[in-house]
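Before I ask anything, here is the structure I am working with.
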Amino acid sequence: MMSAGLAIAVLGSGRWARALAGVLQHNEGTNPHIGSVWLVRPRGLGTEQGLALERLAQADMIVLAVPAPAVRAILREAGVAMHGGQVLLHAVGSLELGQGHRRRIAEVVREETPVRRVGALAGPALAQDLEEGRPAALVCGSRFDDVGEMAVEVLSAPSLRVYTTRDIVGVELARALVAAFAVAGGAARALELGPAARAILLARGVAEMARLGVALGGDERTFFGLAGLGELAVAIEGRGSADFELGVALGKGIPLAEAERSIGRTLDGPTMIREAVALGRERGVRTTLLTAMDRWLSGQRSMAEALSDLFAGQDHAE
Amino acid sequence: MPDAQPDYPLFRFPQERTAIVGETVRRALALTLQKASPEYALNDVCLHEIRRLSEGGAGPEEVRDLQAWRRLWRRIGALSPQERIAELSQLIQEYAEDVAGGFNPVVYQLASRVVPPALGVLLTPEGLAGVPRALTSSGLEALLSQRLLLQGPLERLRALARRGTLVCVPTHLSNLDSPVMGYALQLAQLPPTTYGAGKNLFTNPVLGFFMRNCGAYRVDRRIRHDLYKDVLKCYAQVLLERGYHSMFFPGGTRSRSGRVEAHLKLGLLGTTLPATVARFRRQRGLECGPAVRPIYIVPATINFQLTLEAETLVADYLKETGRARFIIDDDESAQPLKMVRFARSLLRLSGAVVVRFCEPLDVLGQPVDDQGRSLDPRGRPVDLARYFEYRGQVQTLPQRDAEYTRECAEAITSSYRRNTVLLATHLLAHVVWRRLCAALPEYDLYRRLRQPVDLRLGVQEVCTDLEALQQDLLRRGHLLGPGADGPARGVVETALRAFESYHAEPAVVRVQAEPLVVSPGDRQLLFYYQNRVESLEVR
């Protein structure tokens with residue numbers, strides 16, 4: 001099976017999963033590294049026990065693209081069909097977050113499945129860009145070099161460039177933290193704060209992400225690369241990000257609960273902001289922007305007060 | 001005491017030694033030539049050795065002396081390519097012969113029979129007068145079982161030893177660890193292992209004789225060049241492939257601080273991966289060679305109430321944190337009288353040493369079941385061979401395998417933390433140390449060790465702290481050994497007696513007998529013993 005090209009199962013049913021499957025299917029005809037590509041819907045995996053699990057069992061590579069809160073349950077069901085020879089690339093944009101419980105998705109994969117060779121995808125590549133063949137780039141973080149090599153082989157396309165790094169921790173954290181700053185980007189847009197505000201958000205946001213990420217075991221460079229700076233630049237442009245839309249709604253004065261309801265998609269930003277602030281407190285990391293956002297979202301400060309706090313802060317060391 | 005079984009793999013060693021050394025040389029040469037040109041490899045070895053020996057780093061029984069290295073270094077440029085390879089091959093042969101151990105069944109049987117009575121004499125509280133009673137088989141057995149406790153899934157390990165090759169990886173605190181583990185394996189009716197021991201330990205004529213003939217191979221930690229490390233790794237790998245049960249201390253050296261190892265050396269541990277790849281490749285007919293048995297990693301914790309070399313080790317740790325001497329050859333283990341005193345002190349304590357064998361793991365650090373099958377995190381059996389497939393075939397990938405080894409090391413250190421057995425001395429030291437820290441809150445470690453302070457602790461407050469510590473440890477799933485799991489007052493007494501029986505200045509001093517008042521004694525020792533608890537991240 002391997003010598004004839006990899007069998008790849010994309011596990012997910014959202015637009016992001018379909019876009020990734022689309023890239024792979026587009027490559028399938030011309031790329032000798034790809035044998036077959038299947039889109040496997042996660043719903044009912046455990047009950048149907050049919051073709052979906054069979055596909056997963058046959059796959060050499062599994063691309064996981066599902067919402068973070070659903071990852072564990074899906075993998076618990078899918079895990080029965082998986083084995084140690086497989087590579088799993090996940091394109092999940094957040095962490096598994098619960099009450100005082102935080103896990104990177106790669107850790108969840110390790111806890112729920114026999115798969116050891118895991119990679120995380122991140123970078124400035126939106127589903128829409130992939131669908132329309134516009135320039136995009138991804139970085140694959142994996143401790144295993146062969147995982148990065150395989151990601152490059154199967155995903156690279158004329159308009160999609162794939163990079164590799166061993167810093168999977170940094171890639172996962174950077175991608176997850178971007179969701180938090182996307183909310184701020186949306187609010188800045190709604191308030192028409194201008195390009196300088198966006199630039200400040202970008203520069204200081206990446207610095208804050210990097211401080212937090214390094215404290216959690218990531219490599220600083222990753223946060224200034226595609227997974228951090230790259231994703232954040234796209235996120236605060238607002239295209240395709242539900243968290244950005246949430247920020248816009250909040251910036252217009254719509255209450256959080258109502259804004260979340262109206263968007264109707266998975267939102268990682270608010271939880272991520274809360275968790276990032278808690279993490280910063282635990283690790284003694286300065287999280288100026290995130291703390292201001294947290295106070296605003298939790299109702300402790302108004303938006304104007306939160307903004308004012310940011311500019312009045314006493315810490316001027318960049 | 002069961003006699004050694006003749007079908008233990010180690011008993012084949014005398015017949016296989018030449019072939020093992022030959023195979024080691026062949027592989028090490030191939031590996032060296034894969035990495036560098038013969039000229040580079042020879043230069044590298046010469047430069048390392050000339051520098052080491054010039055700086056006074058000569059150890060016992062050097063393979064070549066300084067002049068010989070200098071002569072070789074000067075000749076390298078004039079050698080033809082074939083001569084360089086021949087020189088390299090000769091050098092590897094010398095190293096392999098130097099490393100390779102020996103095994104003499106007669107000496108092994110002798111050691112097996114001598115150790116228990118010798119321990120019996122040391123164990124007998126009444127001195128020689130009690131020897132006859134101690135040496136009766138039931139008396140000896142009872143006495144030993146009180147002093148050296150074995151814990152863990154012994155029956156499973158015995159079954160796995162019949163099914164595959166065990167690689168025992170214990171924690172390392174003392175030079176006594178090798179004999180203690182050797183004896184623990186024997187008591188547990190597990191097969192004797194070959195093991196790597198520091199070359200400096202072989203200088204003792206008696207100890208060296210037994211080690212040379214009981215399966216130990218020599219590791220010269222002074223030699224740092226790649227060629228020597230490759231010879232060692234190839235030797236260990238050949239032994240594994242031939243089914244020799246092995247033991248090594250993955251921490252690399254004795255824990256200087258008393259902490260449970262959190263970081264392991266990956267070199268020897270990494271040899272289990274290529275041996276496993278060879279197993280599956282041979283099973284699938286991808287390479288020739290005899291069948292390789294499955295390899296099971298068996299972490300173990302060795303828990304001493306007292307540590308023979310505690311004073312020297314912690315002094316070394318504090319003197320040069322981060323630059324601790326890798327080899328200490330002038331510590332308490334080199335002083336026979338001190339050793340006898342220590343042994344008598346230690347072995348008079350009930351539950352003085354607890355050897356706890358942990359759940360066995362596969363080479364990736366995954367648990368294995370009774371049939372030796374690897375289990376995934378959800379407890380489902382998995383096919384280990386598939387982890388080594390790359391593009392449809394089982395093969396070695398150095399980077400992947402290095403990562404697997406790192407993950408296995410993490411599983412081992414995690415197992416160490418879960419299976420460390422805390423004893424009374426550790427608990428009392430931790431409680432008193434916390435009180436000392438509270439009394440000197442703004443001080444760093446070094447000032448806390450030196451600052452005079454009049455800290456007298458009444459039995460009530462010590463017992464209150466100790467009970468809280470016991471509860472905290474048990475709540476976190478940690479293990480308390482005999483003498484550490486009972487009423488706090490008893491734990492305090494056990495610990496005080498232990499400290500007083502061996503250390504000239506105990507870690508905790510009894511200031512007043514009744515009502516009991518204690519105070520910190522030798523603070524370096526206090527720090528050392530409490531580190532065992534602190535390294536388990538107890539708040």
Side-chain angles (χ1 to χ4, degrees), chain A residues 1-7 32-35 46 53 57-62 72-73 75-88 103 106-119 141-150 153-154 164-169 217 282, chain B residues 262-263 266 270 272-273 276-277 279-281 283-284 286 294-295 297 361-369 372-411 413-414 537 539:
Chain A
M1 185 160 46
M2 278 279 205
S3 54
L6 298 173
H33 298 294
I34 301 178
L53 283 182
Q58 289 170 348
D60 302 304
M61 174 188 277
I62 294 167
R72 187 176 291 276
L75 289 180
R76 189 161 291 182
E77 290 180 347
V80 294
M82 291 157 80
H83 60 79
Q86 292 173 323
V87 162
L88 187 146
R103 285 277 192 286
E107 292 175 314
V108 180
V109 174
R110 285 289 305 272
E111 287 167 5
E112 296 293 338
T113 77
V115 176
R116 302 289 285 259
R117 289 182 294 155
V118 183
S142 177
R143 290 188 193 274
F144 294 91
D145 289 355
D146 53 316
V147 173
E149 278 168 29
M150 288 165 86
E153 284 172 0
V154 301
T164 61
T165 170
R166 285 186 185 167
D167 181 25
I168 184 171
V169 176
E282 276 172 26
Chain B
H263 303 286
L266 305 181
T272 59
L273 269 294
T276 301
V277 171
R279 171 188 162 209
F280 293 126
R281 286 181 64 82
Q283 272 178 3
R284 296 182 182 193
L286 296 168
I295 292 169
I297 311 284
L361 307 170
D362 69 13
V363 295
L364 303 186
Q366 302 179 119
V368 295
D369 67 10
R373 294 176 303 180
S374 299
L375 302 176
D376 80 355
R378 306 281 307 162
R380 296 173 289 227
V382 291
D383 180 1
L384 185 62
R386 303 212 69 163
Y387 289 90
F388 299 99
E389 286 177 355
Y390 181 68
R391 304 201 187 272
Q393 287 205 338
V394 170
Q395 52 189 296
T396 297
L397 285 186
Q399 195 277 333
R400 177 201 65 194
D401 295 348
E403 189 58 27
Y404 280 157
T405 304
R406 194 190 60 76
E407 292 183 352
C408 184
E410 281 177 8
T413 54
S414 165
E537 294 167 9
R539 292 196 185 96

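Keep in mind it's a predicted model, so treat the numbers as computed, not measured. Throughout, protein chains are lettered first and strands after them, A, B, ... in sequence-line order, and every chain is numbered starting at 1. When reading the values below, keep in mind they use all heavy atoms of this one structure, side chains included, and skip hydrogens, waters and symmetry mates.
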Fill in: Contact class of Arg166(A) relative to chain B, heavy atoms under 4.5 angstrom
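Only the side chain of Arg166(A) comes within 4.5 Å of chain B.
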
Worksheet item: Which atom names give the shortest non-hydrogen contact between Val382(B) and Pro114(A), and what distance separates them?
Response: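 Of all heavy-atom pairs spanning Val382(B) and Pro114(A), the closest is CG1-CB, 3.6 Å.
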
Worksheet entry | Proximity breakdown for Arg380(B) and chain A, heavy-atom pairs closer than 4.5 Å |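 The answer is the side chain of Arg380(B).
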
Discussion item. With chain B as the partner, which of Val115(A), Thr113(A), Val87(A), Val147(A) has the greatest number of non-hydrogen pairs under 4.5 Å?
Written reply: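 Winner by heavy-atom pair count: Thr113(A).
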
Worksheet item: For the atom pair CZ (Arg117(A)) and CG (Leu397(B)), what is the distance rounded to the nearest 0.5 Å?
Response: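 Here the rounded value is 7.5 Å.
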
Discussion item. Quick check for you: to the nearest 0.5 Å, what is the distance between Asp146(A) atom CG and Arg400(B) atom CZ?
Written reply: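 So the gap between those two atoms works out to 6.5 Å.
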
Worksheet item: How many angstroms lie between atom CD of Gln399(B) and atom CD of Glu149(A), to the nearest 0.5 angstrom?
Response: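 Interatomic distance, Gln399(B) CD to Glu149(A) CD, rounded to 0.5 Å: 9.0 Å.
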
Worksheet item: So which part of Leu384(B) gets closer than 4.5 Å to some heavy atom of chain A, the side chain, the backbone, both or neither?
Response: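 It is neither, since no heavy atom gets under 4.5 Å.
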
Fill in: Residues that Phe144(A) engages under ring pair (Phe, Tyr, Trp, His ring centres under 6.0 Å), provided they are two or more places apart
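Partners of Phe144(A) under the ring pair (Phe, Tyr, Trp, His ring centres under 6.0 Å) test: Tyr404(B).
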
Worksheet item: Can you tell me if Arg116(A) uses its side chain to pair, donor with acceptor, with the backbone of Leu364(B) under 3.5 Å?
Response: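 Confirmed, Arg116(A) side chain pairs with Leu364(B) backbone.
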
Fill in: CZ on Arg391(B) to CE on Met150(A), rounded to 0.5 Å
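Going from the CE atom of Met150(A) to the CZ atom of Arg391(B) covers 6.5 Å.
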
Worksheet item: Any side-chain heavy atom of Arg378(B) sitting closer than 4.5 Å to one from Arg76(A)?
Response: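 Yes, at least one pair of side-chain atoms sits under 4.5 Å.
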
Worksheet entry | Residue part contacting chain B, namely of Glu112(A), when any heavy atom lies under 4.5 Å |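 Both parts, heavy atoms under 4.5 Å.
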
Fill in: side-chain hydrogen bond (donor to acceptor under 3.5 Å, both in side chains) partners of Ser414(B), counting only residues at least two apart
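side-chain hydrogen bond (donor to acceptor under 3.5 Å, both in side chains) list for Ser414(B), sorted by chain: Arg418(B).
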
Discussion item. Taking Glu410(B) first and then Arg143(A), would you say they form a salt bridge - that is, a charged N and a carboxylate O separated by under 4.0 Å?
Written reply: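 Looking at Glu410(B) and Arg143(A), the cut-off is not met.
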
